[in-house]
Amino acid sequence: MTRFLRRTGFHFARKRSRGEAVWRNAAPSNPLTGGDISCPSRPGPPLAPAESMKAERYNAREAEPRWQKIWQERGIFTTANSDPRPKYYVLEMFPYPSGRIHMGHVRNYTMGDVVARYMRAKGMNVLHPMGWDAFGMPAENAAIERKVHPKAWTYENIAAMKAQLKSMGLSLDWSREIATCDPAYYRHQQKMFLDFWQAGLVERKTSKVNWDPVDQTVLANEQVIDGRGWRSGAEVEQRELTQWFFKITAFSQDLLDAIDKLERWPEKVRLMQKNWIGRSEGLLVRFALAAKNAPKGFDEVEVFTTRPDTLFGAAFMALAPDHPLAKAAAQRDPKIAAFIAECRRTGTAQELIDKAEKKGIDTGLRAVHPFDPAWQLPVYVANFIVMDYGTGAIFGCPAHDQRDLDFARKYKLPVVPVVVPEETDAKSFEIANEAYGGDGRLANSRFLDGLAVEAAKEEVARRLEQEKRGNRPVAQRQVQFRLRDWGISRQRYWGCPIPVIHCDACGAVPVPEKDLPVVLPEDVEFDRPGNPLDRHPTWKHVPCPRCKKSARRETDTMDTFVDSSWYFLRFTAPAAKTPTDAKAERYWMPVDQYIGGVEHAILHLLYSRFFTRAMKATGHAHLDEPFKGLFTQGMVVHETYQKPDGAYASPAEIRIETEGEKRRAVLATTGEPLEIGAIEKMSKSKRNTVDPDDILSTYGADTARWFMLSDSPPDRDVIWTEEGVQGAHRFVQRLWRLAHELAEIAAPANAPRPKSFGSAALAVRKSAHAALAHVSEDIERLRFNRCVAHIYEAANALGSAIAEARTAGLLAADLAWAFREAGEILVRVVEPMMPHLAEECAAALGYRKLIAEAPWPALERNLLVEDTITLPVQVNGKKRADVTVARDAGNADIETAVLALDAVKRALDGKRPKKVIVVPQRIVNVVA
RNA sequence: GCCCCCGUGGCGGAACUGGUAGACGCGCCUGACUCAAAAUCAGGUUGUCGCAAGGCAGUGCCCGUUCGACUCGGGCCGGGGGCACCA
């Protein structure tokens, strides 16, 4: 299974123009209807499935695979790059092939599919691809635990998940499928690594990492629990390792600035990214060290501050434990060394140190205040200063920084307020246990007194910039970012090899392009911890490409976030010989609508934004921002059930019993009572998962899709309930029955449009077009729960109209025509959400083509406006009556009509109204 | 600790830009069909007073702006999320 993917690519895609279907595989045409669809799985005319069954119920299990097969055979979801229509690129975050899809996937892919099908109906050339984020640790864990090769495990999982996704009836272009573990994919990633390197966007440097000594690998921060490796339980060490980095910080400012232009991104995500990048403007200030006891080679300390205005409130200076000066001081004072060692130890237990006390030790060194040579500040080493932000040293101003205040109180340092809130007396302003971080005027600050905070910052910067010491200004303005470079080295097997060869003579040498890809060797053992690439007998040993002497391959592989940072670009031309095809990339990018979980709000999305910029810089892309529209969907959550002994029971094992409005859960087998617990994210540990396979086989894909969209706004969590699913399933059946009822009474497919419509027919048309208008708008704004409500409403209205027509006995031609129109609109607007049912209903209505290929109905706007309008009438803001007037009635006429109403007369009690407010087309308020 | 978001019936949620609060669904109640049940169909369902017509209260709590506030402003309470010694 080396090439499981058949990449047909765009050049093989069939050509077709809009509206002209090419149905090469179709069964012989029905002579009466022309290019009919027929169902390859069953003989007979197109109406067979609906008519011949004559069953009372819609059988999703039989119908869904049948339609899926027809769609596939017609290739209607295969997208051509050469299509002249405007493009629309819909993408859902591709899955990790864990082996089974979960409900979160069902929700995610359903949403994307609704958008894709809608845009297709609106005449767009839609790209809606799918692939696999196929590298990663679970495959290696499986290899260790179950002795399966990561590759075999991964591809088996892909096959299983693909089958599951297919059963959902998603309109995906499977011809573009990619798997990131395929050398055909990662070779381009290696090429880009080299290009980035050449462009100065890759760097090799040492950094501190969490090292698991048992598993012999680097752990990500989230894999360290209470200072121990999550798998091995071994105490994690801080190690200095030489690693490869992508220089994402080269784009810090641009990544920040561009966020404002991402208008179709959730505000929440934009804010999270801004905070993550964490820009702050400040001043680098050089503090001279008092000469008498400064260690050799140190005559000053540089400090970064965002509050230079508070310089006269300085009480101390503090150094990070890793600061070079702290290390120098430790060498001659064992007490300082001991303190630094203590800081290192608490360094791993994240949660605990968060609340840890501010602690420090006086080094005995003294720093000189930049504005007053006679003023010396004690220099401490402190546990709350980190080396990798700013300069690893600060000056502490206790009055205006809580941490500094806590520290000052502990070590009895002076607390002098230098910023005083407006309209507060500087003399009486005191700091107790809360630092003052607000705005105000400067005080106790010599030449700064009376200035506003901003002006004081400016004044300090101006003065210190001009002052020189040793030929350099004492201070300079600086912008700091919280964002760090992206370390991509992982001591792992199942990842993209970093295409570098280490030579003792030449250093790190790029693998020549002709030797790409560097393919993972398949003969590896997982019997020992550590990276199998590192101990592979042959793979590692290669001649240096430059000097030909024996050299070693880089055995680290890339962080899997790299794989997912450009897959959306690869989808535009998945078979291209270069990472991207310029023409296809230009046509398709950016992704118009990207849909996925909020958990990727920062890392994946920020890395992708960086990668796209880096690809632009190296000529592989034409734009900076890959995702024009982003939507983050909520989770699927479920009730939990606990037995008296605390063990959890799964939804499949329980039964809900109701007594009036009381619900209680019991174990289905024994009737043992269960406690209904909190509604939580579906997880194995709480056993509150629902298997999509069970739902799909019991109710069918359409029911699952419909329920996923119906209950909650898509960005919020949706509670999966059995009752809700059954409700969705009832609607599936109801629509199906409705279609069959309509088939009996509606006008034939090509009946001529009546010249005019009576009131009954008009009402049917109005309700259908109102639904059409609402559904269109709500899909465009991704408000799927409202689409669902409007479809319910339309179906209810249509059902009532049919019942009325039945009662009346006589069916006028105009009403029969309106019924047909309404039925077709209803089926069409249902299709993005329940595509199989829509096809089935359309067939029942005598529709001869695929509804999935039918254009979106044209909206007749004039049906949305009424001749008369009913306005609510308020008296003093409380609704008392309604008034019906002509749509274009003047305010004076409305006022007269309102004052004539009984309810208004009663409320006014014979008095004259003070005022009558008429809000056109909205409301009337009478002020008594 | 800092930043952000959210509080509406028994439940999930509607309510466009300040203009009829509770659309639609779930659940529940009543009725029809049935020997019965399921399914289906019809009706009801914010609370409260009332036989009714209708009245009163009501969108976490308090205050304000407005002819009019779920919506805007201030304060508080509760829930969720992000970041975390970021100088």
Side-chain angles (χ1 to χ4, degrees), chain A residues 56-57 266-269 271-276 278-280 282-283 303-307 310 318 320 350-351 353-356 358 382-386 388-397 400-404 406-407 437 480-483 598 601-602 656 658-663 679 706-707 710-713 715-719 721-728 730-731 733-734 737 777 783 785-796 799-800 803 870-882 903 906 913-917 919 921-928:
Chain A
E56 297 287 309
R57 295 175 68 78
E267 195 48 49
K268 183 181 165 181
V269 175
L271 194 73
M272 280 165 74
Q273 292 221 349
K274 279 185 186 173
N275 291 339
W276 188 264
R279 182 186 196 272
S280 55
L283 200 63
V303 150
F304 175 71
T305 179
T306 53
R307 294 297 303 271
T310 64
Q350 280 297 335
E351 302 301 322
I353 47 154
D354 291 346
K355 297 256 159 88
K358 310 275 174 281
N383 65 349
F384 64 100
I385 309 300
V386 291
D388 43 349
Y389 187 79
T391 60
I394 61 142
F395 78 81
C397 176
H400 304 291
D401 183 292
Q402 192 59 44
R403 293 156 305 179
D404 295 350
D406 295 344
F407 191 80
Q480 276 286 338
F481 291 94
R482 210 187 73 101
L483 184 67
V598 240
I602 296 172
I656 297 288
T658 48
E659 276 175 30
E661 290 187 357
K662 285 248 191 300
R663 291 172 77 240
I679 296 168
W706 185 249
F707 179 61
S710 65
D711 254 31
S712 294
D715 52 343
R716 275 199 230 169
D717 291 350
V718 63
I719 305 171
T721 62
E722 188 60 25
E723 293 87 349
V725 181
Q726 281 168 1
R730 272 202 295 277
F731 185 65
Q733 297 297 347
R734 193 143 66 90
R737 282 195 307 270
E777 197 198 332
R783 297 189 299 205
N785 57 323
R786 299 193 355 165
C787 291
V788 167
H790 286 123
I791 288 171
Y792 270 116
E793 238 167 334
N796 289 346
S800 306
T870 300
L871 296 175
V873 175
Q874 295 181 333
V875 177
N876 290 336
K878 286 207 188 296
K879 196 210 159 188
R880 287 294 128 120
D882 289 300
R906 213 183 310 138
K914 284 201 188 106
K915 207 169 168 190
V916 178
I917 297 156
V919 184
Q921 309 296 310
R922 285 251 176 239
I923 202 165
V924 181
N925 192 12
V926 178
V927 185

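Throughout, a chain's letter reflects where its sequence line sits, starting with A, and its residues are numbered from 1.
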N/O contacts under 3.5 Å, protein versus nucleotides 54-58 of chain B?
unit_1	atom_1	unit_2	atom_2	d
B:rC56	OP2	A:Arg880	NH2	3.4

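- Under the Watson-Crick and G-U wobble criteria, each requiring two contacts below 3.5 Å, nucleotide B:rU34 is left unpaired.
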Tabulate protein N/O versus nucleotide N/O from nucleotides 78-83 of chain B, keeping only pairs under 3.5 Å, one per line.
unit_1	atom_1	unit_2	atom_2	d
B:rC83	O3'	A:Arg482	NH1	3.2

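- Partners of A:Asp882 according to the salt bridge (Lys or Arg N to Asp or Glu O under 4.0 Å) rule, which considers only residues two or more places apart in sequence or in another chain, are A:Lys879.
- At a threshold of 4.0 angstrom between heavy atoms, the contacts of A:Asn796 are confined to the sugar-phosphate backbone, with no base atom among them.
- Spacing between B:rG9 and B:rU46 at atom P, rounded to whole Å, works out to 12 Å.
- By the ring pair (Phe, Tyr, Trp, His ring centres under 6.0 Å) test, A:Phe407 is found to be paired with A:Phe316, A:Tyr380, A:Phe384, A:Tyr411, residues two or more places apart in sequence or in another chain being considered.
- In this structure, the CZ atom of A:Arg783 is 21 Å from the P atom of B:rG12, given to the nearest Å.
- Atom-to-atom, CD of A:Glu722 to P of B:rC26 comes out at 14 Å; the value is rounded to the nearest Å.
- Taking the side-chain contact (heavy atoms from CB on, under 4.5 Å) definition, one finds that A:Arg922 meets it with A:Val919, sequence neighbours left out.
- For the C1' atoms, the distance from B:rG54 to B:rC63 is 33 Å, rounded to whole Å.
- Base engagement by A:Phe304 is indicated by at least one non-hydrogen atom pair under 4.0 Å involving a base atom.
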Considering only nitrogen or oxygen atoms on both sides, find all protein atoms under 3.5 Å from nucleotides 39-41 of chain B and state each distance.
unit_1	atom_1	unit_2	atom_2	d
B:rU40	O3'	A:Arg737	NH2	3.3

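- A:Leu871 comes within 4.0 angstrom of nothing in the nucleic acid, heavy atoms only.
- With both ends at atom C1', the span from B:rG27 to B:rG19 equals 32 Å, rounded to whole Å.
- Between B:rU30 and B:rG80, the distance separating the two P atoms is 38 Å to the nearest Å.
- When the P atom is compared between B:rG10 and B:rC61, the two are found 14 Å apart, to the nearest whole Å.
- Between A:Thr305 and A:Lys879, it is A:Lys879 whose nearest contact on RNA chain B lies nearer the 5' terminus.
- Here B:rC16 presents its C1' atom at 7 Å from CZ of A:Arg922, a figure rounded to the nearest Å.
- Closest to the side chain of A:Phe384, out of B:rC4, B:rG25, B:rC85, is B:rC85.
- A:Thr870 meets the side chain to side chain donor-acceptor pair (under 3.5 Å) test with A:Thr884; sequence neighbours excluded.
- Rounded to whole Å, atom P of B:rA87 lies 11 Å from atom CG of A:Asp404.
- Between the CZ atom of A:Phe707 and the C1' atom of B:rC11 there is a distance of 12 Å, given to the nearest Å.
- With sequence neighbours left out, the side-chain contact (heavy atoms from CB on, under 4.5 Å) criterion links A:Thr305 to A:Leu283, A:Val285, A:Arg307, A:Pro308, A:Phe395.
- Of all nucleotides listed (B:rU20, B:rA23, B:rG13), B:rA23 comes nearest to the side chain of A:Glu793.
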Filtered N/O pairs between nucleotides 62-71 of chain B and protein, under 3.5 Å:
unit_1	atom_1	unit_2	atom_2	d
B:rC67	O2'	A:Asn925	ND2	3.3
B:rC67	O2	A:Asn925	ND2	2.5

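- For A:Asn275, the side-chain contact (heavy atoms from CB on, under 4.5 Å) partners at least two apart in sequence or on another chain are A:Leu271.
- Nucleotide B:rC11 forms a pair with B:rG25, judged by Watson-Crick or G-U wobble geometry with both contacts under 3.5 Å.
- Applying the side-chain contact (heavy atoms from CB on, under 4.5 Å) criterion to A:Glu793, with sequence neighbours excluded, gives A:His790.
- Within the nucleic acid shown, A:Thr721 has no heavy atom closer than 4.0 Å to any nucleic acid atom.
- Distance alone, capped at 3.5 Å, places no donor-acceptor pair between the A:Asn925 side chain and the A:Ile917 backbone.
- Across B:rC24 and B:rC33, the matching C1' atoms stand 27 Å from one another, rounded to whole Å.
- Under the rule for a salt bridge (Lys or Arg N to Asp or Glu O under 4.0 Å), A:Glu722 has no partner lying at least two apart in sequence or in another chain.
- Within 4.0 Å of A:Ser710, counting heavy atoms only, lies no atom of the nucleic acid at all.
- Note on A:Asn785: every side-chain N or O is 4.0 Å or more away from OP1 and OP2 of B:rG25.
- Here A:Tyr389 reaches the OP1 or OP2 of B:rA87: one of its side-chain N or O atoms lies under 4.0 Å away.
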